[in-house]
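For reference, the structure discussed in these notes is given below.
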There are 2 protein chains.
Amino acid sequence: MKQSSEKIGDSPTRLQQDLLGQIIGLIHQDGLRPGARLNENRLAQRLGVSRTPIRAALEHLAGGGYVERQPNRGMELLALPPEPDAAEPAEGGEDDLIVRIAHDRGRDLLPLDISETELMRIYGASRQIVRAALERLADLDIVERKAGYGWRFLDTLQDRSARLESYRFRMLIETAAIVEPGFTLRPDWAEVMRRDHEMALAAALAGQWGPSSSVGFFEMNAAFHEGIGDASGNRYLAAAIRRQNRLRRLSNYDWTHGVARVVVNCREHLEILERLEARDHQVAAALMRRHLDMASRLQPSFESKD
Amino acid sequence: MKQSSEKIGDSPTRLQQDLLGQIIGLIHQDGLRPGARLNENRLAQRLGVSRTPIRAALEHLAGGGYVERQPNRGMELLALPPEPDAAEPAEGGEDDLIVRIAHDRGRDLLPLDISETELMRIYGASRQIVRAALERLADLDIVERKAGYGWRFLDTLQDRSARLESYRFRMLIETAAIVEPGFTLRPDWAEVMRRDHEMALAAALAGQWGPSSSVGFFEMNAAFHEGIGDASGNRYLAAAIRRQNRLRRLSNYDWTHGVARVVVNCREHLEILERLEARDHQVAAALMRRHLDMASRLQPSFESKD
DNA sequence: GATTGTTTCATGGAGAAACGAAATACAATA
DNA sequence: TATTGTATTTCGTTTCTCCATGAAACAATC
């Protein structure tokens, strides 16, 4: 048996899975056709890793029937593999746990003071995972180490004033980002954003709003604001916006404002986008300010959830 | 022997050391005199820990001769222990390592790509410490995980444009902090700040500037800016300012601008402080803007250090 | 009854060992 | 020579146990 000599087997690693997606992306980007050969060295170099995980990823692709190994001559492309949906929020147990902890604390399912081992029991996660999650939550000022043992929630989450402060902060930095002298929008990014928003808008208008749309909508939203930060040319503005999104991700994964608000949101984003493409930064900034100001006035209906 | 029953011995724990300092602080704050008794329960409650580490800390105080254990009646204060200097940058191996790594990378003593084990070898630290340091550096966008194994420096440090972006960002958020509607300065904080700055100013004018003054000066400086963030009443502004200081701490521990600049810096801070106390927020913000703008124009003389 | 002294339990850190997987070096093949 | 196939080395995660130490309960003392 030839297969047994390559020990690929069952589960692709995190890295291998990432590489798999990137390889597929490169295949499309380079416009390869069936019959083309995939050079391992070049892939390894372009993706910044060694050949080992590349080979494993290719082996997985072969398992799907998209490529075939030609002995001593490498992998040949048989069919174009479909592009996977980008940016799923990391199923496994890393960012996932952070969201779950924050969510459960928001519902008062977790006590204010809690120890690592207790969290390990509750979520069935290893100490390391729990630790990493707590560290990152601490970085967002959501928990803090107690002096001795254990951690304490700071309850920035359901805090009403925290929400307003967050919006005030965002109004400051996001408008500033838009009027930065070095602001330059990447045209391809704007294109993708427009398309995504128009699709979301159409879906919302058609009443297609499933329970899974919530996360996707949030991520599109986040990508919009982060893209503006990146375009500002100031890495600290960009980092601050990204940080705010990380914070919002913890409490905003379930959309509580209904479809009507989704429509408004998309339209406002599209309007800002238009102004940005027209280099009308002053108006775009004003629109952004109003966009955030309006959003800050919405009442999050927390309690009526289970 | 009575001592052997209490197993305190040699090395005070991190927690015990912290508590020791805090207990001393409370003794002074409460204005206790020799003869007073130190209640374990109350100390434990005020400091948010159990009695166990409190007892250990008190035992250490007894070792210094400042208190004495009266059997079954607790600790009696014999003499006022001296207040330790606050905010030493954590000798041990936590924050310390972060600064050292950043410093060495800034001097090009570390390669761009590096593995954890290599860092362990170089600094003789445990894997955990190195990991924690790298995670925090990653959080500041100074390193990033490579796809496979290892880490890569992003070199935000000696990057000239990063420096300017940082100052632009600070000009934005720190002036915004001052003009926040909820801005309220704690009078005691202002008092301490004024005193510290005047002392530093006097020392600088007298030409007393040792190699150790550098860190202390930086920390005073940082405390000033962070205090303004805290006074703003917006936790995200405060957090952003604190984060910028954390970043600056990595490259600014050695002051390269000479004593003259220390004098200017202190005077500007004192002027801002005055305006703030007079509730003259607009002018204070303008002064802050100019303060940062001037600082951003200084040329950091990097290379001439060893 | 309040406070200290003492014991017991739980927490989380340190260290070692084992393992899976990525990096690297080397051999084989076109 | 360039590329793939294979073996070796290295890395970092996982998992385990051990143990100091902090939390909490209980007993003793004033």
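Quick note on labels: first sequence line is chain A, next is B, and so on, each numbered from 1. As the structure is a computational prediction, the values presented were derived from the model and not from experiment.
- B/Gln17 places its CD atom 19 Å from the P atom of D/dA20, with the value rounded to the nearest Å.
- By the 4.0 Å N-to-carboxylate-O rule, B/Arg69 lies close enough to B/Glu40 to be salt-bridged with it.
- Between the C1' atom of C/dT3 and the CD atom of B/Gln70 lies a distance of 14 Å, rounded to the nearest Å.
- For C/dG13, the base has no donor-acceptor partner in the side chain of A/Arg131 [N/O atoms by modelled type, under 3.5 angstrom].
- At a cut-off of 3.5 angstrom, the base of C/dG5 holds no donor-acceptor pair with the side chain of B/Arg73.
- Comparing A/Ala147 and B/Arg127 against DNA chain D, the residue whose closest nucleotide sits nearer the 5' end is B/Arg127.
- Side-chain atoms of A/Thr13 stay outside donor-acceptor range of the base of C/dA21, with no qualifying N/O pair under 3.5 Å.
- If you take CZ of B/Arg145 and C1' of C/dA21, they are 14 Å apart, rounded to a whole angstrom.
- Taking for each of A/Gly150 and B/Arg42 the nucleotide of DNA chain C with the nearest heavy atom, the 5'-most of the two is the partner of B/Arg42.
- Side-chain N/O atoms of B/Tyr149 and base N/O atoms of D/dT10 include no donor-acceptor pair closer than 3.5 Å.
- Closest to the side chain of B/Arg55, out of C/dG5, D/dA23, D/dG12, is C/dG5.
- Side-chain atoms of A/Thr117 and A/Tyr149, non-hydrogen and from C-beta on, never get closer than 4.5 Å to each other.
- Between B/Thr117 and D/dC11 there is a side-chain N or O to OP1 or OP2 distance below 4.0 Å.
- Residue B/Ser50 has no polar side-chain atom (N or O) positioned under 4.0 Å from OP1 or OP2 of D/dG22.
- The side chain of A/Pro53 approaches C/dA23 more closely than any other nucleotide in the set D/dT3, C/dT4, C/dA23.
- Closest non-hydrogen pair, B/Leu137 versus B/Leu250, comes out as CD2-CD1, 3.8 Å.
- Here the closest non-hydrogen pair linking A/Pro34 and A/Leu78 is CB-O, 3.1 Å.
- Neither OP1 nor OP2 of D/dT13 sits under 4.0 Å from any side-chain N or O of A/Gln128.
- Closest to the side chain of B/Arg69, from the set C/dG5, D/dT3, D/dG22, is C/dG5.
- Contacts of A/Leu58 with the nucleic acid, taken as non-hydrogen atoms under 4.0 Å apart, are absent.
- Remark: C1' of D/dA23 and CD of B/Gln45 are 14 Å apart, rounded to the nearest angstrom.
- The backbone N or O of B/Leu110 sits less than 3.5 Å from a side-chain atom of B/Arg105, completing a donor-acceptor pair.
- Closest to the side chain of B/Asn39, from the set D/dT4, C/dT4, C/dG13, is C/dT4.
- Out of D/dG12, C/dT6, D/dT4, the shortest distance to the side chain of B/Ser115 is found at D/dG12.
- The 5' end of DNA chain C is approached more closely, in terms of each residue's nearest nucleotide, by A/Val49 than by the other of A/Val49 and A/Asn72.
- Each of A/Gly74 and A/Ser126 was matched to the nucleotide of DNA chain D holding its nearest heavy atom; the match closer to the 5' end belongs to A/Gly74.
- Within 4.0 Å of B/Leu38, counting heavy atoms only, lie sugar-phosphate atoms of the nucleic acid but no base atom.
- As a whole-Å value, the separation of A/Glu40 CD from C/dT24 P is 16 Å.
- A/Glu118 places its CD atom 14 Å from the C1' atom of C/dC9, with the value rounded to the nearest Å.
- The environment of A/Glu144 atom CD is dense: over 12 non-hydrogen atoms of other residues, nucleotides or ligands sit within 6.0 angstrom.
- Put simply, CD on A/Glu135 is 13 Å from C1' on C/dG13, counting in whole angstrom units.
- Side-chain contact between B/Leu247 and B/Asp141 is absent, with no heavy atoms from C-beta onward closer than 4.5 Å.
- In this structure, A/Gln16 does not reach the C/dA21 phosphate: none of its side-chain N or O atoms is under 4.0 Å from OP1 or OP2.
- Between the CD atom of A/Glu116 and the C1' atom of C/dG13 there is a distance of 10 Å, rounded to whole Å.
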